[in-house]
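Ligands are counted one by one from 1 in listed order, and the atoms in each one are counted from 1 as well.
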Amino acid sequence: MKTLKIAIQKSGRLNEKSVELLKNCGLSFENYKSSLISPVSNFPLEILFLRDDDIPEYVQDGIADLGIVGENVIQETEVKVSYLQRLGFGKCSLKIAVPNNDDIQNLAGLNGKSIATTYPVILGKFLKENGITSDIRTISGSVEISPGLGLADAICDLVSTGGTLKSNGLKPFADVMSSEAVLIGRKGSETEDLVLELIQRIQSVLRAKETKYVVLNVHRDNLAAITALLPGVKSPSVVPLAEENWVAVHTVIPERDFWDRISQLKQAGAQGIVVMPIEKIIL
Ligand code: PRT
Ligand code: ZN
């Protein structure tokens with residue numbers, strides 16, 4: 001039987017969440033910091049631990065069947081791979097930033113200016129699309145210090161909290177792209193049985209993360225009002241309680257409007273509300 005290979009980041013911002021996702025999919029493997037490859041004992045899969053920059057090419061060239069990497073890295077390396085699933089972590093945006101005292105008004109203000117970045121390909125395309133001619137200075141790291149050192153007028157770098165820009169006296173000026181970790185596959189691999197099985201497992205973990213399992217008690221008189229608030233996976237389960245005319249309602253609630261929903265339920269007569277995390281949702 002074929003063994004799949006999935007490439008994930010060896011260490012860095014995406015490593016922990018990638019390992020956690022695969023473990024939550026029920027995959028059993030050792031995560032030794034020293035090893036470059038780790039076999040999964042209960043699924044025909046090997047995990048390759050790599051620098052994130054190498055992952056898109058490894059997948060494109062078929063050395064790995066799948067990979068988990070930031071969209072920013074995929075776009076910068078310009079590889080041909082299939083996007084199989086957005087993963088919801090490693091979120092950030094690639095932004096152009098200028099010194100706080102720069103009174104630049106619009107993109108045209110970047111004409112003739114120098115911009116330091118580790119993303120020359122993405123930045124180059126963005127400037128071209130907007131008809132701007134700037135001098136792109138490609139550097140390999142610590143981009144945020146270049147304006148202070150007089151190396152560039154502006155920078156183009158990843159931002160998540162914005163703290164790094166702030167502490168270097170810079171302000172975000174334009175959004176170039178937003179990014180998150182994605183599952184990628186070799187072109188055509190998305191139809192293979194093992195790949196499909198893994199995608200389904202990943203989707204069931206992601207769905208579970210977006211929802212909470214809720215159990216609440218309600219008097220039968222209020223049951224219709226409560227069920228109207230609860231679409232559930234299909235419809236809520238209603239279980240009679242020992243106390244006459246009282247029932248327990250079991251359902252799932254989307255995380256994003258969780259608190260609104262809970263207060264609506266309380267107003268509609270829900271009592272003893274218990275909320276639990278969900279491990280997987282298999283449709
Ligand atoms: O060693 P390896 O080459 O594998 O890792 P790396 O050092 O190249 O990448 P790493 O681990 O820093 O980031 C991996 C991926 O995480 C990136 O490719 C992005 O897809 C994603 N990601 C999410 C980020 C950030 N958020 C982020 N904030 N990558 C980098 N940053 C950096 C940014 O470059 C800047 O220096 O964090 C700083 C800004 O952060 P804030 O919070 O101060 O705005
Ligand atoms: Zn890297």
Give a yes or no on whether Val205 and Val40 share a hydrophobic cluster (residues Ile, Leu, Val, Met, Phe, Trp, Tyr; joining criterion: side-chain heavy atoms under 4.5 Å apart).
-> yes
Looking at atom 20 (O) of ligand 1, is any protein heavy atom nearer than 4.0 Å to it?
-> yes
Check each of Leu14, Leu22, Asn15 against Ser18 using the side chain to side chain contact (heavy atoms under 4.5 Å, CB included) test, and report the only one that passes.
-> Leu14
Return yes if some donor-acceptor pair links the side-chain N/O of Glu30 with the main-chain N/O of Ser38 below 3.5 Å, else return no.
-> no
Short N-O contact, Glu129 and Lys125, less than 4.0 angstrom | no
The closest protein heavy-atom partner of atom 9 (O) of ligand 1 is Asp52 OD2, 3.5 Å
Between Leu165 and ligand 1, which residue portion shows a heavy-atom distance shorter than 4.0 Å: side chain, backbone, both, or neither?
-> neither
The remaining residues in the hydrophobic cluster of Leu149, counting side-chain heavy-atom contacts under 4.5 Å among Ile, Leu, Val, Met, Phe, Trp and Tyr, are Ile145, Leu151
N, O or S atoms of the protein lying under 2.8 Å from the Zn ion (ligand 2) | Asp52 OD1, Asp53 OD1
Hey, is the main chain of Asn217 close enough, under 3.5 Å, to the side chain of Gln271 for a donor-acceptor pair?
-> no
Single-linkage hydrophobic cluster Leu110~Ile155, side-chain heavy atoms < 4.5 angstrom | no
Do me a favour and list the nearest non-hydrogen protein atom to atom 33 (C) of ligand 1 with residue, atom name and distance?
-> Leu158 O, 3.2 Å
Give the residue and atom name of whichever protein heavy atom lies nearest to atom 7 (O) of ligand 1, and the separation in Å to one decimal.
-> Gln9 NE2, 4.9 Å
Any N or O of Cys92 closer than 3.5 Å to N or O of ligand 1 = no
Under a 4.0 Å N-O cut-off, is there an ion pair linking Asp65 with Arg186?
-> yes
Nitrogen or oxygen atoms of Arg13 and ligand 1 under 3.5 Å apart | yes
For Thr164, the ligand 1 atoms whose distance to one of its heavy atoms is below 4.0 Å | 38 (C), 39 (C), 40 (O), 41 (P), 43 (O)
So which bit of Thr161 gets within less than 4.0 Å of ligand 1, heavy atoms only: side chain, backbone, both or neither?
-> both
Would you mind running through ligand 1 and noting each atom that sits below 4.0 Å from a heavy atom of Gly70?
-> 20 (O)
Donor-acceptor pair, Glu279 side chain versus Pro277 backbone, under 3.5 Å?
-> no
Following the transitive rule for hydrophobic clusters with a side-chain heavy-atom cut-off under 4.5 Å over Ile, Leu, Val, Met, Phe, Trp and Tyr, establish whether Ile74 and Leu158 coincide in one cluster.
-> no
Do Gln75 and Val121 have side chains that get closer than 4.5 Å, going by heavy atoms?
-> no
Going only through I, L, V, M, F, W and Y residues with side-chain contacts under 4.5 Å, is there a path from Leu21 to Leu198?
-> yes
Nearest neighbour in protein (non-hydrogen) for atom 34 (O) of ligand 1 | Asp157 OD1, 3.4 Å
What is the nearest protein non-hydrogen atom to atom 1 (O) of ligand 1, stated with its residue, atom name and distance?
-> Arg51 NE, 3.2 Å
Taking only heavy atoms of Gly163, which atoms of ligand 1 are found under 4.0 Å from at least one of them?
-> 43 (O), 44 (O)
Among Gly90, Ser11, Ser160, whose heavy atom sits nearest atom 28 (N) of ligand 1?
-> Ser160
Donor-acceptor under 3.5 Å (Lys23 side chain, Phe29 main chain) = yes
So is there a nitrogen or oxygen of Tyr119 less than 3.5 Å from a nitrogen or oxygen in ligand 1?
-> no
For Gly12, the ligand 1 atoms whose distance to one of its heavy atoms is below 4.0 Å = 11 (O)
Give a yes-or-no answer on whether the side chains of Thr164 and Glu144 include a donor-acceptor pair shorter than 3.5 Å.
-> no
Report the part of Val73 in contact with ligand 1, treating N, CA, C, O as backbone and CB onward as side chain, heavy atoms under 4.0 Å; options are side chain, backbone, both, neither.
-> side chain
Side chain or backbone of Val159 under 4.0 Å from ligand 1, or both, or neither, by non-hydrogen atoms?
-> both
